[in-house]
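Some notes on the structure that comes next.
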2 protein chains.
Amino acid sequence: MSTFIGDYECKVDEKGRVLFPSSLRKQVKSESPNKFVVKKDIYEECLVLYPMEEWELQTAIIRHNTNPYNKEHNLFIREFFRGTAEVTLDSNGRLLLPKRLLEMVGIGRDIVMAGMNGKIEIWAKEKYETAQLGSSDFANLAERILGSTPLKDE
Amino acid sequence: MSTFIGDYECKVDEKGRVLFPSSLRKQVKSESPNKFVVKKDIYEECLVLYPMEEWELQTAIIRHNTNPYNKEHNLFIREFFRGTAEVTLDSNGRLLLPKRLLEMVGIGRDIVMAGMNGKIEIWAKEKYETAQLGSSDFANLAERILGSTPLKDE
DNA sequence: CCCACTTTTTTACACTTTGTTGATAACTTT
DNA sequence: AAAGTTATCAACAAAGTGTAAAAAAGTGGG
């Protein structure tokens, strides 16, 4: 499974195409290394890019944790799949991102692609920078999440 | 696992490359001894360099103790991965540090690489020197941290 | 203690890969 | 068929990578 790391500034051309940075490309370990799924993030004003294999893992997680006969779950599932798109790398190693999605998260010309374990987030550059937490906020958050219980390292 | 000691003055060339000091290289004990991850430090104006193995240990801990569908956890993961990059030693034993990161911590030509257990800090030389605590401040800090309770040695 | 030798560091240059842009061709949709 | 969208290609610019040689620093033997 791919684990991505590193954030890269990239540019979107007027057709909505982004060159997928070569260092990220090298980190893709997937059966079909040029198929991806993009999607609006659930919580933040950004897009999320999954290699196809990782996406399938995510949908499996959803399947196993929901019951389509439960009305609320069904609602959730519909929303979860709304605004997803399959994208492929073209012959130049670029991804064509649907205009619709770009608009949803306010992406213009400058973006940041940020590797985060199994997925890659795509942000409008300004938003990525202003979304940054102060170091003390981060410290508090870290302590709340990792600081309480004994850590599992496996 | 590598434990680094010693601080070394190094120079960055105009392309952002740093010769990894030979004495530090000898201290690397890792599966892939020429792969590293650099990252902006959380608290200080410096970069931190982890041997890949050490980094993977860190991310494994994070992966197993967080759930990316939890909003706060996801926020934490994003901050954790912000400003990271994978770097490798080239054929001359140099590391190419991303310009973006060098700018973030005000590194020009002269830097200090300082071993600190599992990681190596990279400072702009001037900042490293001015960041030094006065000896009495340091003494107070030492006493507060180590001086109260009986010490554990394992 | 000095010299010769090895290793490490610095510098410069050439070359390859990656990134950017624009233009054109093929395809869909209306 | 026209308009819009998507794919393919080519050319240039920028960044990254590798090689080599010169300079500096460290090491050991006489």
Side-chain angles (χ1 to χ4, degrees), chain A residues 4-28 32-38 47 49 83-104 107-115 120 122-125, chain B residues 4-28 32-38 47 49 52 84-104 107-115 120 122-125:
Chain A
F4 297 106
I5 169 181
D7 39 18
Y8 303 87
E9 294 185 6
C10 304
K11 285 177 179 148
V12 183
D13 70 16
E14 72 286 356
K15 289 166 182 166
R17 294 178 300 189
V18 189
L19 185 77
F20 193 65
S22 66
S23 7
L24 285 178
R25 200 164 1 171
K26 287 173 194 153
Q27 298 175 28
V28 177
S32 30
N34 36 22
K35 291 184 106 180
F36 296 84
V37 170
V38 228
L47 303 180
L49 186 70
T84 55
E86 191 177 322
V87 290
T88 51
L89 289 174
D90 71 10
S91 56
N92 282 20
R94 289 175 300 192
L95 292 171
L96 177 65
L97 303 175
K99 290 246 164 63
R100 194 170 31 90
L101 291 180
L102 295 179
E103 283 162 14
M104 282 170 80
I107 285 179
R109 196 179 133 74
D110 293 300
I111 64 170
V112 173
M113 302 187 74
I120 296 168
I122 304 176
W123 287 78
K125 187 174 163 230
Chain B
F4 299 105
I5 62 171
D7 38 16
Y8 304 87
E9 294 188 5
C10 304
K11 286 182 176 142
V12 183
D13 72 16
E14 73 284 359
K15 288 167 182 168
R17 294 182 296 190
V18 190
L19 184 78
F20 193 64
S22 63
S23 11
L24 284 178
R25 200 164 1 174
K26 287 171 195 153
Q27 299 175 30
V28 178
S32 30
N34 37 22
K35 290 185 107 181
F36 295 83
V37 170
V38 229
L47 303 179
L49 186 70
M52 188 48 89
T84 54
E86 193 178 322
V87 291
T88 52
L89 289 174
D90 70 12
S91 57
N92 278 25
R94 291 175 298 192
L95 292 172
L96 177 67
L97 303 175
K99 293 247 163 64
R100 194 169 33 91
L101 293 181
L102 295 178
E103 283 163 16
M104 283 169 81
I107 285 180
R109 198 178 131 74
D110 293 299
I111 64 171
V112 172
M113 302 187 74
I120 296 168
I122 303 176
W123 288 79
K125 187 173 165 234

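First the proteins, then the strands, lettered A, B, ... as listed; each starts at 1.
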Original post:
Does any non-hydrogen side-chain atom of A/Leu49 lie less than 4.5 Å from one of A/Leu95?
Top reply: yes
**OP:** Name all residues meeting the side-chain hydrogen bond (donor to acceptor under 3.5 Å, both in side chains) criterion together with A/Arg17; count only those two or more places apart in sequence or in a different chain, and write none if there are none.
**Re:** A/Asp13
Original post:
side-chain hydrogen bond (donor to acceptor under 3.5 Å, both in side chains) with A/Lys99: which residues, sequence neighbours excluded?
Top reply: none
Original post:
Hey, does B/Ser91 reach any base, or is it just sugar-phosphate, or nothing, if we go heavy atoms under 4.0 Å?
Top reply: base
**OP:** For the pair B/Ile111 and B/Ile107, evaluate side-chain contact (heavy atoms from CB on, under 4.5 Å) and give the outcome as yes or no after the intermediate values.
**Re:** CA-CA 7 Å; B/Ile111 64 171; B/Ile107 285 180; 3.3 Å; yes
Subject >> Test salt bridge (Lys or Arg N to Asp or Glu O under 4.0 Å) applied to B/Lys15 - qualifying residues, sequence neighbours left out >> reply: none
Original post:
Is the shortest side-chain N/O distance from A/Arg17 to OP1 or OP2 of C/dG22 below 4.0 Å?
Top reply: no
**OP:** Let me know the distance between CZ of B/Arg25 and C1' of C/dT7, rounded to the nearest Å.
**Re:** 11 Å
Original post:
So do A/Arg94 and A/Leu19 actually touch side chain to side chain, heavy atoms under 4.5 Å?
Top reply: yes
**OP:** Please round to the nearest 0.5 Å and tell me the distance separating atom CG of A/Leu97 and atom CG of A/Leu102.
**Re:** 5.0 Å
Subject >> Contact check, side chains of B/Asp90 and B/Leu96, non-hydrogen atoms, under 4.5 Å >> reply: no
Subject >> side chain to side chain contact (heavy atoms under 4.5 Å, CB included) partners of A/Asn34, counting only residues at least two apart >> reply: A/Leu89
Subject >> Partner residues of B/Arg100 under the side-chain hydrogen bond (donor to acceptor under 3.5 Å, both in side chains) criterion, sequence neighbours left out >> reply: A/Asp7
**OP:** Could you tell me which residues satisfy ring-ring contact (aromatic ring centres under 6.0 Å, His included) with A/Phe4, sequence neighbours excluded, listed by chain and number?
**Re:** none
Original post:
Counting any heavy atom closer than 4.0 Å, what does B/Asp90 reach on the DNA or RNA strands: base, sugar-phosphate only, or nothing?
Top reply: sugar-phosphate
Subject >> Rounded distance in Å - CD (B/Glu9) to C1' (C/dT8) >> reply: 16 Å
**OP:** Measure from CG on B/Asp13 to P on C/dT10 and round the result to the nearest Å.
**Re:** 10 Å
Original post:
Which nucleotide in the set C/dT8, C/dA12, C/dT10 lies at the smallest distance from any side-chain heavy atom of B/Lys11?
Top reply: C/dT10
Original post:
For residues 92-99 of chain A, which residues have at least one heavy atom under 4.0 Å from DNA chain D?
Top reply: A/Asn92, A/Arg94, A/Leu96
Original post:
Who pairs with A/Gln27 by side-chain hydrogen bond (donor to acceptor under 3.5 Å, both in side chains), at least two apart in sequence or on another chain?
Top reply: none
**OP:** Would you please name every residue forming a side chain to side chain contact (heavy atoms under 4.5 Å, CB included) with B/Lys125, sequence neighbours left out?
**Re:** B/Glu9, B/Asp110, B/Val112, B/Glu129
Original post:
What does nucleotides 24-30 of chain C look like as a protein-contact string, B for base, S for sugar-phosphate only, - for none, at under 4.0 angstrom between heavy atoms?
Top reply: B------
Subject >> Divergence of helical axes at both termini of the helix from C/dC1-D/dG30 to C/dT30-D/dA1 - five pairs an end, 10° steps >> reply: 30°
Subject >> Separation of C/dT10 C1' from B/Arg109 CZ (nearest whole Å) >> reply: 8 Å
Original post:
If you walk 5' to 3' along DNA chain D, what is the first nucleotide with an atom under 4.0 Å of a heavy atom in chain A, and what is the last?
Top reply: D/dT6 to D/dA10
